[in-house]
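To start, I am sharing the structure in question, which I have written as structure tokens.
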Amino acid sequence: MTLKQIFTTALLGLSLLVAVLLYRTLTLTLPDWPVPEASKVQPDPAQLAANLSKAVQFKTISFDHGVVDKAAFDGFVAFLAQTYPELHQQASLTRLNDYTLLFYLKGRDRARPPVLWSAHYDVVPVIPGTEKNWSYAPFAGTLAEGYIWGRGTMDDKGSAIAMLEAVSWLLRQEQQPGHDLYLALTHDEEIGSTKGSQAVANWFKQQGIQLGWTLDEGSFVLDGMVPGISQKVASINIAEKGYMNVELVASAAGGHSSMPPGETAVTILAQALLRLKEHQLPASLDGLPLQFYQRLAPAMGFTQRLLVANSWLFGPLIEAELAKMPAGNAMLRTTYAPTMLSGSVKSNVLPIEARATVNLRIHPRDTVEAVIAHLERVIADPRIRLVAERGMEASPVSAADNKAFRLLEQVSRKVHGDVLTVPGLTLGATDSRFYSDIAQANYRYAPMVVTPQDLTGFHGTDERISQDNLVKAVQFYAELLLATTE
């Protein structure tokens, strides 16, 4: 073959490649969503805000050693009975472990699979000494500047109150949901859910009830949080990562710090932690991460759309860029983060043992067993013992092309307008991890708008929700119910 022929062949090949890249890029378009009518559900914003304000004032704080302030939990349960009489009169109520409430409302069509909505009403404590950093007292439920302020407004009493308001609204219209509806309000999500959602799941198993789908917290309508996207993004999460703590215990001879050996338990432990940092579990765009970004790509700039549309070619480049961002990196792989350290009891004593707790969030493509094997290979030091604690596999991945997911998309757009809807991955842990065995699909999505400025409020300072956000949440849940009656 002559040089001219080689050049011509290469040029033809390059032209073909460019044509394929451009075709895939230009044909990657947004779904043809119908324009929905605006919601006709119009709750009273002032009454909504007042009800959530009262809910916040009950200090339903979860501590690792269980319920401490029983009066607060009892008071909250009594407040619900007083505030939502229609629900308590027309639904049956099962109390699990005293404080988890499971309501059952009979549907019109008993042949349709039942649905479970879930929210937790326990909250994390305010870090002692930080109360002064709050704009308003964290448990006062202050109404100011168009917001309801206080611990739990977003995580997760806001969702709980919105669900109750929506169901009560439907009952006041003298309507039933189209299917059997269960509503779980759990009381220990912040400390592991062992007496809350786990008890709920066991109850359904004992009753032999299989659910069509469940809806719980997990993600939100993201505003200004997805790089390259100006529109709001409703991330309806279809899976969540697993959870595990692993303690690394490094052993060495003790002694006096005035005569340190070449290696101590602390330096052995430090070297192991560095090896973990340098040898992360593999990242991959395949599966749910690719599904997420392919849904968003049509709304991105041309270059980003080109890359995502042709991930078969540019996948490693996309992975490298996403891995630079904490949230993007967590979407791609199992992550581990050292969170707790301990060593000697005195500054001049060499420790016999040094310990580090590493928190792992396990990607749906990995297993607990495979992750532990990876840690052992990477550390490869007989002086370090691995102790695995609280291991839980990642959830199954629910469908994003079924009737339930499409309903969540449709109602999100009806309430929030022109939002992009995508299937996402919950990076933390929710009650839903116990619901996988009792439902065909599990969705993790709270229909409130969240901005980067709101993130510091979750488990932090100045947690708040706007009145408009709360109204839209009630509209969302009410429209879900109305859709089932059609």
Side-chain angles (χ1 to χ4, degrees), residues 1-36 219-239 280-333 363-365 397-402 405-406 408-410 412-413 416-425 427 445 452:
M1 183 180 290
T2 66
L3 184 60
K4 182 178 179 180
Q5 290 174 320
I6 294 174
F7 178 77
T8 301
T9 301
L11 186 59
L12 286 173
L14 181 60
S15 299
L16 180 60
L17 175 61
V18 170
V20 169
L21 296 179
L22 288 176
Y23 175 79
R24 292 176 64 90
T25 302
L26 296 175
T27 55
L28 186 63
T29 58
L30 289 171
D32 187 19
W33 284 307
V35 178
S219 189
F220 299 89
V221 179
L222 309 175
D223 186 5
M225 295 181 61
V226 182
I229 300 293
S230 58
Q231 284 177 264
K232 294 174 183 175
V233 176
S235 182
I236 303 168
N237 291 0
I238 60 176
Q280 300 285 326
L281 278 140
S284 175
L285 190 63
D286 292 337
L288 184 49
L290 183 58
Q291 200 174 357
F292 178 86
Y293 286 104
Q294 282 181 332
R295 283 284 197 104
L296 292 177
M300 294 177 175
F302 179 80
T303 301
Q304 293 166 304
R305 189 156 30 119
L306 173 71
L307 296 176
V308 175
N310 297 282
S311 58
W312 59 276
L313 179 62
F314 299 116
L317 176 61
I318 299 171
E319 290 168 6
E321 288 303 307
L322 289 175
K324 295 176 182 178
M325 300 178 287
N329 183 58
M331 278 277 288
L332 296 178
R333 57 158 50 95
H363 199 280
R365 77 171 66 89
V397 179
S398 296
D401 58 357
N402 60 1
F405 189 88
R406 288 192 294 271
L408 296 173
E409 286 187 304
Q410 169 193 327
S412 292
R413 292 178 62 79
H416 289 285
D418 188 22
V419 297
L420 301 173
T421 55
V422 296
L425 173 65
L427 306 180
Y445 171 63

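This structure is a prediction, so every number in the text was calculated from the model and none was measured.
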**Fill in**
Rounded to the nearest 0.5 Å, the CG atom of L332 sits from the CG atom of L288 at a distance of 10.5 Å
**Message:** Do W312 and R24 have side chains that approach each other closer than 4.5 Å (heavy atoms only, starting at C-beta)?
**Reply:** yes
**Prompt:** Is the side chain of R333 donor-acceptor paired with the backbone N or O of L281 at a distance under 3.5 Å, no angle test?
**Reply:** yes
**Request:** State the CG-CD1 distance between D223 and I229, to the nearest 0.5 angstrom.
**Result:** 12.5 Å
**Request:** Please examine the side chains of L285 and F314, heavy atoms only from C-beta on, and report whether any two atoms are closer than 4.5 Å.
**Result:** no
**For the student: nearest non-hydrogen atoms of M331 and H363, plus distance** = O-NE2, 2.9 Å
**Request:** Considering non-hydrogen atoms only, spot the tightest contact between L222 and V226 and give its length.
**Result:** CD1-CG2, 4.2 Å
**Message:** Are V422 and Y293 packed together at the side-chain level, in the sense that at least one heavy-atom pair is separated by less than 4.5 angstrom?
**Reply:** no
**Prompt:** Do F292 and L425 touch side chain to side chain, with heavy atoms closer than 4.5 Å?
**Reply:** no
**Message:** Quick check: closest heavy atoms across Q291 and I238, and the distance to 0.1 Å?
**Reply:** OE1-CD1, 4.2 Å
**Prompt:** Nearest 0.5 Å, what's the CZ-CG distance between F302 and L307?
**Reply:** 9.5 Å
**Message:** For a quick test of reading the model, state the closest non-hydrogen atom pair linking L28 to Q294 and the distance between them.
**Reply:** CD1-O, 4.2 Å
**Asked** So, R365 side chain and S284 main chain: donor-acceptor pair closer than 3.5 Å or not?
**Response** yes
**Request:** Specify the closest pair of heavy atoms between V20 and N310, including all atoms of both residues, with the distance to one decimal.
**Result:** O-OD1, 4.1 Å
**Request:** Any chance you could lay out the side-chain contact (heavy atoms from CB on, under 4.5 Å) test for L420 and R295, step after step, and finish with the verdict?
**Result:** CA-CA 8 Å; L420 301 173; R295 283 284 197 104; over 6 Å; no
**Flag side-chain contact, heavy atom, 4.5 Å: T25 against Y23** = no
**Complete:** dist N237:CG -> L427:CG (nearest 0.5 Å) comes out at 8.0 Å
**Prompt:** Is there a donor-acceptor pair under 3.5 Å between the side chain of Q231 and the backbone N or O of D418?
**Reply:** yes
**Complete:** In short, G224 meets P452 closest at the heavy-atom pair O-CG, 3.5 Å
**Request:** Would you check if V233 and M225 make a side-chain contact, meaning some heavy-atom pair closer than 4.5 Å?
**Result:** no
**Message:** As an exercise, state the distance from CG of L290 to CD1 of I318, rounded to the nearest 0.5 Å.
**Reply:** 7.5 Å
